[in-house]
Structures are given as structure tokens and as C-alpha cells.
2 protein chains.
Amino acid sequence: MSSMSIRLAYTAAGAGLPGVKVGPRARIVAVARDLFYRHGIRAVGVDTIAAAAATNKMTLYRHFPSKDLLIAECLREFALECEADWEQISAGHAQDPDGQLRAWVGYVSDLMIKEADRGCALANAAIELPDKDHPARRVIEEFKTAQREQLVIWCRDARYIEPDQLADELFLLLEGARVSIQSVGINGPGARLSRMMQTIIYHNGRL
Amino acid sequence: MSSMSIRLAYTAAGAGLPGVKVGPRARIVAVARDLFYRHGIRAVGVDTIAAAAATNKMTLYRHFPSKDLLIAECLREFALECEADWEQISAGHAQDPDGQLRAWVGYVSDLMIKEADRGCALANAAIELPDKDHPARRVIEEFKTAQREQLVIWCRDARYIEPDQLADELFLLLEGARVSIQSVGINGPGARLSRMMQTIIYHNGRL
DNA sequence: TTTATATGTTACAGATCGGTAACATTGAGA
DNA sequence: TCTCAATGTTACCGATCTGTAACATATAAA
């Protein structure tokens with residue numbers, strides 16, 4: 001198997017403001033999130049995580065009963081941060097549903113650059129963990145479902161003619177862009193995501 | 001780690017017509033494709049593959065220098081089969097580009113049911129193998145790029161106003177549907193893929 | 001029948017996997 | 001200063017991983 005030799009290029013430093021003590025648990029989750037995302041969940045072992053978090057395997061297992069539950073916790077933290085972003089979009093354009101939707105288009109377009117070439121951590125995890133009983137799957141399903149519902153609400157509030165279908169189209173375009181970046185590369189169709197979404201929104205029409 | 005115990009539920013039988021001898025190499029690839037697809041590439045070991053193919057690890061390594069190259073071969077076979085399907089769509093609607101495009105929509109809609117809940121094997125592999133030097137990545141990138149170009153050709157031949165953008169939209173919708181099935185489930189937005197594609201094609205307009 | 005090639009069998013190497021036991025060390029609050 | 005909880009350290013378990021060596025067997029062509 002391609003060994004690739006991940007190995008720690010960074011220590012616990014860099015996480016958190018200077019002077020603020022960051023406990024091992026927080027470091028473990030931060031490091032695990034990064035390594036899981038960059039290299040894949042199954043490609044990263046607990047030894048690597050503990051070492052990269054400047055702690056040890058024993059402390060890791062004192063905070064997380066198993067690697068699977070650590071995975072779930074990483075995805076839960078990621079999902080909470082995403083939800084906070086979406087709420088910020090909502091709050092930043094209160095009483096302006098169409099502005100919310102358009103702000104969201106800008107937000108996800110920036111994601112294409114920020115995520116570079118590894119797409120959505122939750123979608124990737126769903127592919128890497130097909131076992132329906134895995135504790136991470138609850139997090140994934142609940143979060144993705146909530147995202148889609150939020151999109152429907154925005155489309156409906158903005159009085160688009162077919163809000164459910166428009167929301168589904170935008171949802172699938174986003175998911176497709178994030179996954180296709182990893183197969184056709186950064187200059188693939190995902191690069192034109194913003195224009196596509198605007199076109200589709202315009203074509204849908206308002207009441 | 002969630003052990004899940006894959007284990008062989010089937011032997012070499014069932015592959016090929018009766019009376020036709022299927023060599024170990026073909027059995028290995030067939031079995032590996034199935035196991036990789038259902039459980040994930042990293043989740044399946046070579047011992048499991050050899051046993052499920054009713055052969056042994058030594059024979060496997062006589063035909064494939066490494067697991068990574070076996071992975072690449074599995075994806076190559078899959079890609080060739082997909083290309084054959086697309087060519088059949090082309091041939092079945094010669095001199096009728098719009099018919100080709102609409103036949104393709106029907107074809108990918110059926111894929112949503114056939115693939116059940118594991119999406120595209122190539123896209124999944126890209127997520128599981130982020131290493132850019134992995135031999136499988138060439139296969140993935142070339143195939144996905146060729147698919148997108150074929151879509152552009154169909155859209156252009158059918159004289160749609162913006163063939164490149166329409167092709168990209170269809171491409172991303174398909175990729176998004178296949179990946180979202182694995183996160184939001186079979187009844188998510190992917191279930192309405194056909195209607196969405198028809199709507200978008202209609203909205204694009206013809207010359 | 002002889003010969004050469006493909007395949008099967010067994011055992012093993014070296015590494016890594018997830019996970020744990022036993023014990024030492026640190027550090028902050030009382 | 002004492003105490004106690006969190007953390008660090010080391011060593012280990014059994015299983016699994018990719019990959020190989022050596023040898024036995026089958027099989028088809030000559």
C-alpha cells in the first residue's frame with residue numbers, strides 16, 4: 001500500500017491564542033480533524049494523531065473510548081462550525097431572504113478555494129465509512145439533512161417558484177462541485193459554481 | 001475500529017457463463033471490484049480478496065505487482081465499462097444529439113437505483129486515495145475529464161445556447177446526486193435527479 | 001511421456017493497526 | 001505542604017496489513 005508517510009510536521013503549537021492553555025483533548029480533536037481531512041480517516045492511525053497532538057495514545061483513549069467515537073466527535077465539531085457559518089449568513093441578511101441566498105452562494109464559492117481539493121469532510125467520511133452502524137453516520141445524515149432544509153427555507157422565503165426543487169439543485173451542485181474537485185481537479189466544473197448557481201436561481205423565477 | 005467482518009459470502013462461481021473457464025486473474029479483479037465498491041478500498045485486504053476469488057495471495061501478487069496497481073486495474077475496467085455504456089447511448093441515437101442527451105438523462109437516473117447507495121466507484125476512490133501519485137488517480141482524472149467533454153459535445157451538437165455551462169451543470173448534478181445518496185440517503189435530493197436535469201435542460205434553451 | 005508454465009500451499013517477515021495495563025510524573029487547589 | 005486528578009511513559013496484546021520465499025501440485029503442449 002502507498003505508505004505516504006504522514007508524520008507530524010507540526011506540534012501542538014499554533015492552536016489557540018498565546019497564553020491560552022489548550023488541553024490535550026482539544027489538541028487531539030484539532031489535529032485529528034486536520035489529518036483525517038487531508039489524508040483520509042482510514043489512512044491515519046491513533047498513534048499518529050497522539051504524536052501530532054503532542055500527547056500520547058493513553059491520554060487519547062482516556063478522552064475517547066474508541067477511534068470511531070473520535071471520528072464522530074471530529075465530524076460533530078466540523079458540523080457545528082458550518083452551522084455557525086450558515087447562521088451568520090442568516091443573521092447578516094435578516095428580513096432579506098434573497099440576500100441570504102445570494103450571500104450563501106458567495107460563501108460556498110469561497111469554500112471551493114478554501115477547501116482546495118479535499119471537498120466536504122462529512123461527505124468524504126460517508127464514503128470512507130459505509131457501515132450504517134458507524135457512530136459518525138448519525139452526524140453526517142443529520143447535518144446534511146438540516147443543510148438541505150435550511151436551503152429550502154431560504155428559497156421559499158425568497159418566494160422562488162419551486163423552492164424545493166431549486167434548493168435540491170443548489171444542494172446537488174454544491175455537493176457535486178466539492179466531490180468533482182477531487183477527481184477532475186481544481187479547474188474542473190467546480191470553478192464555475194457561482195455562475196451556475198446564479199443562472200439556475202435566475203431561471204427558477206420569483207412569485 | 002469497526003471490524004464489520006467482511007468475509008466471503010460467495011465463491012468464484014457465478015462469474016462467467018457455464019463451461020467458460022475464468023482464470024484467477026479475472027476472478028480477482030471481479031471480486032476486488034465488488035469488495036472495494038461495497039466496503040471501501042482501504043477496508044478490504046488482499047487476503048480477503050484472494051480468498052473471495054477462490055485463489056490465494058501468491059497468485060494475486062503474480063498478476064498484480066501491488067495492491068495499488070490492482071486498485072488501478074479495477075478502476076480501469078470499471079471506466080471502460082462506463083465508456084461502453086456511453087458509446088451505446090451515442091450509437092442508439094445517431095444523428096439525434098438531443099435524443100442522446102435525453103437518453104443519457106434516463107441512463108444516469110437508472111444509475112441512482114442501480115448503484116443503490118454507494119455512488120460512483122471512481123469518485124469514491126478519489127476520496128479514499130488523496131495521494132496525487134497513486135496509480136489510480138490517472139485513471140480517475142482521465143475518465144472524469146473525458147465524461148465531461150462528451151457531455152459538452154452532446155450539448156453543443158444539440159444546439160443548446162450555452163453548451164459548456166449546461167454540461168457542467170449536468171455533470172455536477174450527477175456527481176452531487178451520487179455522493180449525496182451516501183450522506184442523506186436514497187430518498188434525498190438525488191431521487192429527483194431526472195426532473196432536475198430536464199428542468200435545467202429546458203431552461204437553457206436551444207438555438 | 002516429458003517438459004514447462006500456471007497455480008496452490010504453507011509459512012513467514014516486518015510493519016502497523018486499535019486498544020490496554022501498570023506505573024511515574026506533573027500541577028493546581030485546599 | 002499535602003492531596004488528588006490529569007497526564008505522561010513504557011511496554012505490551014492480538015489482530016491485521018502488504019508482500020515474499022520455498023516448495024508442491026496440476027495442466028496443457030510438445
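Below, chains carry the letters A, B, ... as their sequence lines are ordered, and counting in each starts from 1. Quantities reported herein were computed from a predicted structural model and do not represent experimental measurements.
Remark: A:T55 pairs with no residue by the side-chain hydrogen bond (donor to acceptor under 3.5 Å, both in side chains) rule, at least two apart or across chains. Residues satisfying the side-chain hydrogen bond (donor to acceptor under 3.5 Å, both in side chains) criterion with A:T145, sequence neighbours excluded, are absent altogether. In this structure, B:R195 has no side-chain hydrogen bond (donor to acceptor under 3.5 Å, both in side chains) partners at least two apart in sequence or on a different chain. With sequence neighbours excluded, the residues that form a side-chain hydrogen bond (donor to acceptor under 3.5 Å, both in side chains) with A:Q165 are A:E169, B:T199.
Computed from coordinates, the A:L69 CG to C:dG19 C1' distance equals 13 Å when rounded to whole Å. One interatomic measurement links the two molecules: CZ of B:F64 to P of D:dT20, which rounds to 15 Å at whole-angstrom precision. Rounded to an integer number of Å, the gap from CG of B:L60 to P of D:dA21 is 16 Å. Note: CD1 (A:I41) to P (C:dC17) measures 15 Å, nearest angstrom. What separates CG of A:L70 from C1' of C:dG19 is a distance of 13 Å, to the nearest Å. In this structure, B:M58 atom CE and C:dA13 atom P are separated by 16 Å, rounded to whole Å. Rounded to an integer number of Å, the gap from B:D68 CG to D:dC17 C1' is 13 Å.
When distances are taken from the side chain of A:P24 to each of D:dT7, C:dG19, D:dA21, the shortest belongs to D:dT7. Comparing D:dT18, D:dT9, C:dT9 by their closest approach to the side chain of B:D47 singles out D:dT18. Distances were taken from every side-chain heavy atom of B:S66 (C-beta onward) to each of D:dG19, C:dT9, C:dG18; the shortest belongs to D:dG19.
Within the 4.0 Å cut-off from OP1 or OP2 of C:dA6, not a single side-chain nitrogen or oxygen of B:H63 is found. One finds no side-chain N or O of A:T59 lying less than 4.0 angstrom from the OP1 or OP2 phosphate oxygen of D:dA6. In terms of phosphate contacts, A:Y61 brings no side-chain nitrogen or oxygen within less than 4.0 Å of OP1 or OP2 of C:dT20.
Ranked by how close their nearest DNA chain C nucleotide is to the 5' end, A:K57 and B:N56 are led by B:N56.
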Exercise for review: Encode nucleotides 23-30 of chain C as B, S and - characters from 5' to 3', where the letter depends on protein heavy atoms closer than 4.0 Å: B to the base, S only to sugar-phosphate, - to neither.
Suggested key: --------
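A distance of 10.5 Å separates CD of A:E87 from CG of A:L80, quoted to the nearest 0.5 Å. In this structure, B:L170 CG and B:L151 CG are separated by 6.0 Å, a value rounded to the nearest 0.5 Å.
Below the 3.5 angstrom threshold, one finds no donor paired with an acceptor across the side chain of A:K67 and the base of C:dG19.
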Residues 107-114 of chain B, side-chain donor-acceptor partners within the protein, below 3.5 Å, at least two apart:
residue, atom, partner, partner atom, Å
B:Y107, OH, B:D85, OD2, 2.9
B:S109, OG, B:V105, O, 2.8

